[in-house]
Amino acid sequence: MRIFFLDQSGKPGGAELCLIDIAKPYGDRALVGLFADGSFKHLLQQNHIPVEVFTTQAIQVHKESSLVQGFKSLGQLVPLISKVVKKAREYDLIYANTQKALVVGALASFFSHRPLVYHLHDILSKEHFSQTNLRIAINLANRFASLVIANSQASKTAFVQAGGRSDIIKVVYNGFNPKIYQTDESDINQLQQQLGLKGKFVVGHFSRLAPWKGQHILIDALAKCPPEVIAILVGDALFGEQDYVQKLHQQVSQLGLENRVKFLGFRSDIPQLMAVCNLVAHTSTSPEPFGRVIVEAMLCEKPVVAAKAGGVMELVEHGFNGFLVTPGKPQELAQVISTCLQETEITATIAKNARITASERFNVAVINQQIAQLLFNIMSA
Ligand code: UDP
Ligand code: GLC
């Protein structure tokens, strides 16, 4: 089967990293079409996945766009759509991985007569999107998609609640290769040395810097923890959230935490960095659709504390394979950090349970098999 994947992003967020794992087994039978140039293209190339950038002009529809803005962007979409339609005719199926990709993919599916799959990585609720964008996404998926793959039950529920068809949606979790998350002791020592982490209790936060990812909650919690507790913030502002980055730096200096918070920027050595942590914190203040970082921490056999909402509740069972806290509550987070600092034996057992459950549930080979079966069903329908 030849698959034409579409993704709007030039940068590698979680949805893009998930796409790499899905497209890889198809080799030359896949093409990833992007609507922006950037480091995601290079990552695809490194993974030997064919990639083509279809436009470098930003599509002017944002998460909070109105209908008028939506129509204005149509003029800009026409040349892009005609290029995509032409290319789609060389493939058996169109696989849209983001919302703007769904808009382009739906029209391309209509004109090229190729079936459309939409991989839904978002919780389609008013908390995350404007009413207009929700309506566009739901209507296009209902009308044009043969299949919607939701990254969690939470994303599926929100889709159906917003008017999405329940007969076309299936839940498939992100898949991971467990082997990648094993790090040698020598690499751990070297990184600890480089980053000056020896003798510290390190809480890691791995996420793009964005207000709803809640890095500020971790910084507030840190101020309530003993001085040996420090935080590494791994990730960058991928989608222009520079104001938030500035606010985080101000917060750190106001709380006098300059020596206890390290901003490491975007990194490609996530398993190694997780390996030097004593605890991984997830602090999203809005419901997280899935939360790759949580599974990655589990695979690294690290205790994880996560914000109890959205897909996270399908990943973590409090007290068995991780800890859940109320989103937006630094005091509760500080409590869990202190428990992990003191109760090392229980915490180690929880981390071990996490590794075992995560390796069983999120194995990329099994997940890819599930997706292949779903795509096969569409083609033979
Ligand atoms: N990530 C990364 N480098 C960084 C920060 C994050 O490669 O500096 C990865 C992280 O390991 C995870 C993904 O980015 O696989 C983020 O996915 P997640 O589902 O946690 O959140 P998203 O950003 O997609 O909402
Ligand atoms: C999106 C979501 C994130 C999810 C990722 C992969 O970026 O925000 O929660 O883990 O997609 O499905």
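Numbering of ligands and ligand atoms starts at 1, following listing order.
- The pair Asp243-Lys247 does not count as a salt bridge, with every side-chain nitrogen at least 4.0 angstrom from each carboxylate oxygen.
- Taking distance alone, with nitrogen or oxygen atoms compared against 3.5 Å, Phe206 stays at or beyond that limit from ligand 1.
- Panel note: side chain Asn139, backbone Arg135; a donor-acceptor pair is recorded below 3.5 Å.
- The aromatic ring centres of His282 and Phe206 sit 6.0 Å or more apart.
- The shortest N or O to N or O distance between Val293 and ligand 1 is below 3.5 Å.
- Side-chain contact annotation: Gln193 with Asn189, donor-acceptor N/O pair under 3.5 Å absent.
- A centroid separation of less than 6.0 Å is found between the aromatic rings of Phe54 and Phe4.
- Atom 22 (P) of ligand 1 has as its closest protein heavy atom Lys213 NZ, 3.5 Å.
- A side-chain donor-acceptor contact under 3.5 Å links Asp7 to the backbone of Ser9.
- The heavy atom nearest to atom 13 (C) of ligand 1, out of those in Ile294, Asp269, Leu17, is found in Leu17.
- The single protein non-hydrogen atom nearest to atom 23 (O) of ligand 1 is Arg208 NE, 2.8 Å, given as residue, atom name and distance.
- Between Gly265 and ligand 1 there is a heavy-atom distance shorter than 4.0 Å.
- Annotation for ligand 1: atoms under 4.0 Å from non-hydrogen atoms of Val234 are 5 (C), 8 (O).
- With no hydrogens or angles considered, a side-chain donor-acceptor pair links Tyr173 and Glu314 at under 3.5 Å.
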For ligand 2, output the ligand-protein N/O contacts shorter than 3.5 angstrom; if there are none, return none.
residue  : atom   : partner : partner atom : Å
ligand 2 : 9 (O)  : Glu288  : OE2          : 2.4
ligand 2 : 9 (O)  : Phe290  : N            : 3.0
ligand 2 : 9 (O)  : Gly291  : N            : 3.2
ligand 2 : 10 (O) : Gly291  : N            : 2.9
ligand 2 : 10 (O) : Arg292  : N            : 3.4
ligand 2 : 12 (O) : His121  : ND1          : 2.7
ligand 2 : 12 (O) : Asn151  : ND2          : 3.0
ligand 2 : 12 (O) : Asn174  : ND2          : 3.1

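- In this structure, the protein non-hydrogen atom closest to atom 17 (O) of ligand 1 is Gly14 CA, 3.3 Å.
- Ranking the protein heavy atoms by distance from atom 11 (O) of ligand 1 puts Glu296 OE1, 2.7 Å first.
- Ligand 1 has at least one atom lying under 4.0 Å from a heavy atom of Phe266.
- Annotation: Lys24, atom NZ; neighbour count of heavy atoms from other residues, nucleotides and ligands within 6.0 Å does not exceed 12.
- For atom 3 (N) of ligand 1, the closest heavy atom belonging to the protein is Arg267 O, 2.8 Å.
- Its side chain within the 4.5 Å cluster rule, Phe239 clusters with Leu238, Phe266 among the Ile, Leu, Val, Met, Phe, Trp and Tyr residues.
- Not a single heavy atom of His282 sits closer than 4.0 Å to an atom of ligand 1.
- Using cut-offs of 30° and 60° on the angle between ring planes, the pair Phe5 and Tyr95 is tilted.
- Look at Glu288 and you'll find a heavy atom under 4.0 Å from some atom of ligand 1.
- Side-chain N/O atoms of Arg292 and Asn174 include a donor and acceptor closer than 3.5 Å.
- In this structure, His128 and Trp212 have perpendicular ring planes: the angle between them is above 60°, well past the 30° mark.
- Nearest non-hydrogen protein atom to atom 19 (O) of ligand 1 is Arg292 N, 2.9 Å.
- Side chains of Ser155 and Asn151: a donor on one and an acceptor on the other come within 3.5 Å.
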